[in-house]
Amino acid sequence: MQREKGSSEEEPPSLLWGLDPIFSTFARLYIKDILQMKESCQVPGIFFYCSHPICKVDVLGTVVYKREREDFFCYGVDDGTGVINCLCWKDEQWKEDSEALKSVAKPQGPTLSGFNLAEQFQKLQLAQRRSSYLEIGDLLRVRGPVKTSRQQREISASAYYKVEDPVLAVQISRMMEVPQLYRRFYDKPFQVPHGLQERSSDCDLEGVTSLPSLLGQVCLSLKDFLRKEAVQSFHPNDLETVNSLVSLASHDLQNGPDQQQAARSLSTSKQIHSVFREAIQVLQEEGLLFRKAGSQEEVYQVTEQDKELHRVTKEIICEDSRREKYAEKGCHFLHILSCVRQSYSRNISEAAMRLVLSALECNSDIISTTDSHYTAL
């Protein structure tokens with residue numbers, strides 16, 4: 001399925017998403033709607049259903065296919081409206097063999113009361129393992145964030161378990177509950193409280209919410225230009241050859257409240273040059289740009305388009321994930337950042353590194369095992 005992007009006109013400003021109670025809940029949407037949701041053009045990984053920002057969902061369905069890897073299961077879940085791929089990480093117990101599990105809770109013989117704590121603990125472990133191992137035809141409940149991997153929508157499970165439902169009570173309850181949620185909440189568009197929309201309209205809500213209107217607009221336009229033109233690197237003076245950017249900056253400067261004072265202190269060209277410098281600084285702080293160390297010229301690399309940076313990062317993760325130290329959880333974010341700074345450029349910021357890791361994970365080159373650990377596929 002092709003990734004669909006929404007337009008900024010269709011989306012409420014990201015600064016206001018927290019006012020929508022659905023944003024902070026696990027939305028119980030039909031799989032068909034999860035697959036058709038449009039991705040935000042402001043923040044990757046956020047999707048919209050009827051103007052409601054959705055980042056995590058709750059799905060109940062039948063397993064129709066499965067794949068097992070060393071660290072995770074991949075289940076195809078069908079709720080009757082569609083099928084979605086669910087990435088379910090294995091518990092630490094899956095990495096232990098049966099003998100190791102028995103050695104942890106080796107029976108010590110009955111106690112005086114006839115209750116053996118170690119034996120009961122072992123039974124509990126085995127029951128927990130069975131609840132997370134599913135076969136085709138089993139009923140599975142999954143909760144987690146929605147992601148797009150290799151142009152396919154999927155759920156990265158933060159919690160999942162097999163549902164025992166011999167008399168269909170759970171499924172019937174779900175079938176009655178979800179349509180009511182749609183009628184009462186999901187199908188009613190998110191209404192921004194009166195007055196807040198206008199107050200937020202002058203802000204760039206993709207990381208520059210506190211910036212003045214002029215700088216915020218230039219930052220947005222610069223981001224859009226770099227993405228559309230797939231710019232890999234540029235010198236600040238190159239921006240002054242882009243008519244659309246120059247026109248925007250000069251128009252706002254001429255109509256700003258400090259027009260007379262600015263005209264006395266600086267020429268128009270110097271003012272535009274200054275605005276571009278500030279915009280570059282903002283994009284650097286967001287991680288969208290960085291300067292290679294050791295370069296005498298003031299050339300900025302575009303993080304998203306720097307394929308060499310992506311390649312180096314992927315190789316570091318692939319190589320170090322095979323080491324015993326990182327075999328269990330993968331490489332920590334700070335370890336990856338340190339290695340990339342040593343081998344590629346010491347000017348790589350944490351924000352830039354997170355963008356690179358997010359892109360690699362989106363392409364299924366790596367997988368995040370925790371919020372801060374990454375391992376190779």
Side-chain angles (χ1 to χ4, degrees), residues 1-18 20 22-24 26-27 29 33-49 51-57 84-85 87 144-158 190 200 203-209 216 219-232 282-290 301-307 309-310 313-314 317 333 336 348-368 370-372 374 377:
M1 185 190 69
Q2 197 71 22
R3 176 186 292 190
E4 262 190 298
K5 286 280 189 179
S7 65
S8 57
E9 291 80 8
E10 298 173 351
E11 302 176 13
S14 59
L15 186 64
L16 307 179
W17 291 352
D20 188 346
I22 296 177
F23 180 62
S24 58
F26 289 92
L29 296 171
D33 294 325
I34 297 174
L35 296 174
Q36 294 177 352
M37 290 190 303
K38 292 184 178 180
E39 186 172 8
S40 169
C41 65
Q42 302 177 57
V43 181
I46 303 297
F47 302 84
F48 281 89
Y49 177 81
S51 76
H52 293 290
I54 305 292
C55 61
K56 48 191 179 181
V57 295
I84 193 169
N85 190 54
L87 192 66
V146 182
K147 294 186 176 181
T148 302
S149 176
R150 295 183 178 178
Q151 297 185 334
Q152 295 290 326
R153 199 69 52 81
E154 67 179 23
I155 301 173
S156 180
S158 56
F190 171 45
S200 62
C203 300
D204 171 15
L205 300 172
E206 192 183 350
V208 289
T209 55
C219 287
L220 275 178
S221 299
L222 179 54
K223 291 178 188 178
D224 187 56
F225 171 76
L226 295 176
R227 288 170 180 169
K228 286 184 177 180
E229 301 299 327
V231 177
Q232 298 182 10
V282 170
L283 299 194
Q284 277 189 284
E285 293 173 358
E286 293 182 13
L288 299 175
L289 303 176
F290 70 94
Q301 304 292 125
V302 181
T303 306
E304 185 180 12
Q305 298 296 332
D306 194 329
K307 304 305 179 184
L309 172 60
H310 290 229
T313 304
K314 178 183 174 182
I317 296 175
F333 169 78
I336 300 171
I348 300 294
S349 65
E350 292 190 14
M353 193 75 265
R354 293 192 184 279
L355 289 179
V356 173
L357 293 173
S358 178
L360 291 175
E361 187 174 14
C362 187
N363 292 330
S364 295
D365 293 321
I366 62 172
I367 289 180
S368 57
T370 70
D371 291 340
S372 303
Y374 299 85
L377 283 174

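Since the model is a prediction, treat every value here as computed from it, not as a measurement. Computed over heavy atoms, backbone and side chain alike; hydrogens, waters and symmetry mates excluded.
Atom CG of residue L360 and atom CD1 of residue I317 lie 6.0 Å apart, to the nearest 0.5 angstrom. The CG atom of L288 sits 9.0 Å away from the CG atom of L222 when rounded to the nearest 0.5 Å. Note: S40 OG to I54 CD1 = 12.0 Å, rounded to the nearest 0.5 Å.
Put simply, the side chain of H310 never gets that close to the backbone of Q305: no donor and acceptor are under 3.5 Å apart. For the pair E39 (side chain) and G45 (backbone), a donor-acceptor distance under 3.5 Å is present. Not one N or O on the side chain of S372 forms a donor-acceptor pair closer than 3.5 Å with the backbone of F333. Proximity of a side-chain donor or acceptor of Q301 to a complementary backbone N or O of D306 within less than 3.5 Å is not detected. Within the 3.5 Å criterion, the main-chain N or O of I22 finds a donor-acceptor partner in the side chain of D20. Between the side chain of S358 and the main chain of R354, no donor-acceptor pair closer than 3.5 Å is present.
Taking the side chain as every heavy atom from C-beta outward, Q152 and N85 never approach each other to under 4.5 Å. Side-chain atoms of E361 and S156, non-hydrogen and from C-beta on, never get closer than 4.5 Å to each other. The side-chain heavy atoms of L355 and E304, taken from C-beta on, include no pair separated by under 4.5 Å. Inter-residue side-chain proximity for R153 and T148 is flagged as met; some heavy-atom pair is nearer than 4.5 Å. Put simply, the side chain of T313 does not reach to within 4.5 Å of the side chain of I366, judged on heavy atoms.
Between F23 and C55, the shortest heavy-atom distance links the atoms O-SG, 3.5 Å. Nearest heavy atoms, V146 versus F47: O-CE1, 3.5 Å. Between T303 and A352, the closest heavy-atom pair is CG2-O, 3.7 Å. Across E286 and K223, no two heavy atoms sit closer than the pair OE1-NZ, 3.0 Å. Pairing each heavy atom of G287 with each of S349, the nearest pair is CA-OG, 4.1 Å. Annotation for Y374 and L357: closest pair CE1-CD1, 3.5 Å, computed over non-hydrogen atoms.
Summarising the local packing, NZ of K314 is surrounded by 12 or fewer heavy atoms from other residues, nucleotides or ligands at distances under 6.0 Å.
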Please report the C-alpha distance between I155 and L87 in whole Å, then the side-chain angles of each, then the deciding distance to 0.1 Å, and finally whether the side chain to side chain contact (heavy atoms under 4.5 Å, CB included) criterion is met. CA-CA 6 Å; I155 301 173; L87 192 66; over 6 Å; no
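Residues forming a salt bridge (Lys or Arg N to Asp or Glu O under 4.0 Å) with K228 (at least two apart in sequence, or on another chain): D224.
The aromatic rings of F48 and W17 lie perpendicular to each other, with more than 60° between the two planes, well past the 30° mark.
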